[in-house]
Each structure stands twice: as structure tokens, then as C-alpha cells.
Amino acid sequence: MDISVIVPLYNEAESLPELQAWIERVMQANGFTYEVIYVNDGSTDNSWEVIEELCRRNPAVRGVCFRRNYGKSPALNTGFARAKGDVVITMDADLQDSPDEIPELYRMITEDGYDLVSGWKQKRYDPLSKTIPTKLFNATARKVSGIKNLHDFNCGLKAYRQKVVKRIEVYGDMHRYIPYLAKNAGFNKIGEKVVKHQARKYGTTKFGLDRFVNGYLDLATLWFTNKFGIKPMHLFGLLGSLMFMLGFIAVVIVGAAKIYAMHSGGHYTLVTNSPYFFIALTMMILGTQLFLTGFLGELIVRNSSRRNEYEIEMETGGGETPAATNEK
């Protein structure tokens, strides 16, 4: 099968028939073998009834219905697990993503050799309250992820080589960082294509401003787990050791200053009267706690069943080593 199209949706009953007809026209015009997987994320309208009707009309259409609303990331992950096409394409159900982009996205994967191609809605039909935070968010994501050539991490229109979606796990709200997840899994051939962004035709947007706050928190989580997920002692142990040593040096200085004052006949007070003593003591305690946090993290990682899972690109050779012969 050439293409799997995955469409996560929530309350998009009005747009689904038009979207499906559009996808069918593109697939037939280009001679693609395909499937369309609609993942209904707990819609409260009649989206599921529409999907069932589309399935009856076209055997290439499949549907998955969640019991409740889980979010876009679980919907995508569910679709990825069921995709059979050589190229997997994701798009939103609100008709703001154009299926006419599918042939070029497919070509970039199959001919240009990209593992992932992300859409870039260079010209957007969104209010400034959405576009300005989006630009700031994408600038931060580029800096943290190191993927300098992407302008729109959160664009719903993306194309993947099948092995990419089978090797990444999208959870929580991590759909914003799928290119980063792919890079962390060893898929570095990530490209971008300028795509047409259309004004929403039906319904209203399902995302609020809170997604930008959550987006930064998720980015921090992803950066930390990628950097220190299998070696937490490298962060907590280092910070803890530095803090403990600074606190210890400060305590020695406070104590040495008192001893010097005592022997020189100058005025001196109890070390406990100095605020520096308590600051130093606090640093030593915090340093010890950070060190122990890193140590406990190492114990957890050591007992993880996935501690020795690595992404292997390919293997060669399968013959057995010939048995040794005793020649005289």
C-alpha cells in the first residue's frame, strides 16, 4: 500500500464528507493505493455516524472511536499503530489542510529520501493572538531541538516513512514535537514543505491559549528525558556535588574567620549568628538531596526493561562461523 492518511478529529462531522471526497479525488488522480484512518477523539456530535457511513461507502476508510476525549497525541499514536502504508500522512479534519499536498509529500519521502516532511503554513489565516505566540514557540523549539530548518513544528500536515511512526511513541501533548521525537529516534532526514493554509469552513478551533504554556512545559520534559533520561546522575550528581562543595567551602571560611578573630584578639561572635553559616548549611543539605536524587534515578534506570534498547539502522551477515578443523 502506498499511503495511509491519518485524520484525528473532535466534533468535525460537517467537514468529514467534503474532506473524504477531496482525498478520494487526489488518490484516484495519482493512482495511489491508500487507506484513510479516522480517529474520533470522543466527539460529542455525530462524527462517528458520519465515519461509519464513509466506511460503508469506501472499503479504504477505517475508523477508530475513543470512549472519551483523550487528545490529539493519543489519537495520532493510535493511528500510527494501525497504519499499513509505505508513507503515512497526517492531516487535520477541519479542511485547513489541503489533500492536494499529498502527491508532493509522497514524492519527497519516496524519491528525495526524507524520513519526515513537515508542512509550513507560511501564510496563515489566524488572528495575531495565535500567530505571534506560535512564532515564539517555534523559535524556542528550533533552538532546543536543533532542527534549524523547520518553521512550524505543530503543523498537522506531515508525511512520514512508515518505519518512523512505528518507532516513536506520541503521548500527552507530544504531537507538537514529533520531528524532535523522530530525531531522538535516529531519523535525521527531516524536511519541510510550504503548504497552503485555508480558513476554517465549519465549526470553531478546539485549541486555547493554554496550549502554549503546556507546549513549553512539554518541550522542557522532552529535552530533559532525551538529555538525561538514561543518565540522571550526570545532572543531579553534578549539581549536587557543586552545591555541596560550595556550601562546605563557605562553612570552612566562616569557621576559619572566627578562629582567626579569636587568636588575634579581635571581636568575634558565634558562627550561628552569621547568616552565611545557615546559607552554607542549606546548600550542603540541598546538594546532598540532589546527589541522592541522581543516585535513585540511576537505580530506576538500571532496573528499567528498556535500558539497553537502541535504534539499529541495519544489520548484515547471517552465516554461521565455520567450525574449526584439526588439520595436521
Side-chain angles (χ1 to χ4, degrees), residues 1-27 32-99 101-102 105-106 109 116 118-119 154-178 181-182 185 200 202-207 211 218:
M1 183 182 295
D2 295 325
I3 298 174
S4 292
V5 180
I6 300 174
V7 184
L9 63 108
Y10 178 71
N11 291 346
E12 299 287 359
E14 293 177 299
S15 63
L16 291 179
E18 187 173 338
L19 175 63
Q20 178 60 31
W22 196 351
I23 292 174
E24 289 177 2
R25 288 196 303 271
V26 171
M27 296 300 182
F32 293 133
T33 56
Y34 72 98
E35 65 177 356
V36 183
I37 304 173
Y38 291 101
V39 184
N40 180 30
D41 187 21
S43 296
T44 55
D45 64 358
N46 65 326
S47 293
W48 182 242
E49 288 75 11
V50 174
I51 293 171
E52 288 181 317
E53 176 60 27
L54 295 176
C55 291
R56 284 190 288 268
R57 288 169 42 195
N58 187 342
V61 178
R62 302 167 61 191
V64 179
C65 185
F66 287 168
R67 292 184 184 275
R68 66 175 180 86
N69 180 253
Y70 288 98
K72 189 173 182 179
S73 291
L76 286 173
N77 198 63
T78 300
F80 288 162
R82 289 161 173 75
K84 300 177 182 178
D86 297 330
V87 175
V88 178
I89 292 177
T90 60
M91 63 172 53
D92 294 334
D94 54 12
L95 296 175
Q96 290 187 286
D97 295 334
S98 171
E101 307 285 355
I102 290 176
L105 290 171
Y106 178 82
I109 296 291
L116 184 156
S118 182
N154 199 28
C155 179
L157 186 57
K158 290 183 173 67
Y160 313 81
R161 197 176 300 278
Q162 188 197 80
K163 63 181 179 181
V164 176
V165 302
K166 300 300 183 182
R167 294 303 303 166
I168 62 175
E169 180 184 7
V170 190
Y171 59 94
D173 286 324
M174 292 298 178
H175 60 274
R176 302 181 181 96
Y177 305 110
I178 288 181
L181 291 172
R200 174 180 276 275
Y202 304 105
T204 58
T205 182
K206 310 301 188 301
F207 301 100
R211 71 188 181 120
D218 289 336

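This is a predicted model, so every value here is computed, not measured.
Under the 3.5 Å distance criterion, the side-chain polar atoms of K166 are matched with a main-chain donor or acceptor of A83. In this structure, the side chain of Q162 engages the main chain of K84 through a donor-acceptor pair within 3.5 Å. The backbone N or O of Y10 lies less than 3.5 Å from no partner atom in the side chain of D41, so there is not a single donor-acceptor pair. Distance alone, capped at 3.5 Å, is enough to place a donor-acceptor pair between the D94 side chain and the Q96 backbone. Remark: the backbone N or O of G42 is not paired with any side-chain donor or acceptor of N69 at under 3.5 angstrom. Using modelled atom types, one side-chain atom of S47 and one backbone atom of E12 make a donor-acceptor pair closer than 3.5 Å. Checked by atom type and distance alone, the side chain of R82 pairs as donor or acceptor with a backbone atom of T78 at under 3.5 Å.
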CA sep, side-chain torsions, deciding dist, call: M91, I23, side chain to side chain contact (heavy atoms under 4.5 Å, CB included): CA-CA 11 Å; M91 63 172 53; I23 292 174; 4.3 Å; yes
Residues Y34, V26; criterion side chain to side chain contact (heavy atoms under 4.5 Å, CB included); working and verdict: CA-CA 11 Å; Y34 72 98; V26 171; over 6 Å; no
Pair N77-E169, side chain to side chain contact (heavy atoms under 4.5 Å, CB included): steps then yes or no: CA-CA 7 Å; N77 198 63; E169 180 184 7; 4.2 Å; yes
side-chain hydrogen bond (donor to acceptor under 3.5 Å, both in side chains) between D2 and T33, worked out: CA-CA 5 Å; D2 295 325; T33 56; 3.2 Å; yes
Side chain to side chain contact (heavy atoms under 4.5 Å, CB included) assessment of V36 paired with L54: CA-CA 10 Å; V36 183; L54 295 176; over 6 Å; no
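A182 approaches V164 most closely through the heavy-atom pair CB-CG1, 4.0 Å. Taking each heavy atom of K158 and Y160 in turn, the nearest pair found is CD-OH, 3.2 Å. The minimum heavy-atom distance between L157 and D97, with the atom names listed, is N-OD2, 3.8 Å. Minimum heavy-atom separation, A159 to I109: O-CD1, 3.8 Å. Heavy-atom minimum distance, A93 versus L19: CA-CD2, 3.8 Å. Taking every heavy atom of both residues into account, I102 and M27 meet most closely at CD1-CE, 4.0 Å.
Side chain to side chain, W22 and E18 fail the donor-acceptor criterion of an N or O pair below 3.5 Å.
Proximity of H175 to N154: side-chain heavy atoms (C-beta onward) are separated by under 4.5 Å at one or more points. Using a 4.5 Å heavy-atom threshold, the side chains of D45 and E14 count as separate.
Remark: I178 CD1 to L76 CG distance equals 5.0 Å, nearest 0.5 Å. Atom CD1 of I37 and atom CZ of R62 lie 4.5 Å apart (nearest 0.5 Å). Atom OG in S73 sits 10.5 Å away from atom OH in Y177 (nearest 0.5 Å). Summarising the geometry, atom CG belonging to N40 is positioned 6.5 Å from atom CH2 belonging to W48; distances are rounded to the nearest 0.5 Å. The CG atom of L9 sits 9.0 Å away from atom SG of C65, with the distance rounded to the nearest 0.5 Å. Atom CD1 of I89 is separated from atom OH of Y106 by 9.5 Å, given to the nearest 0.5 angstrom.
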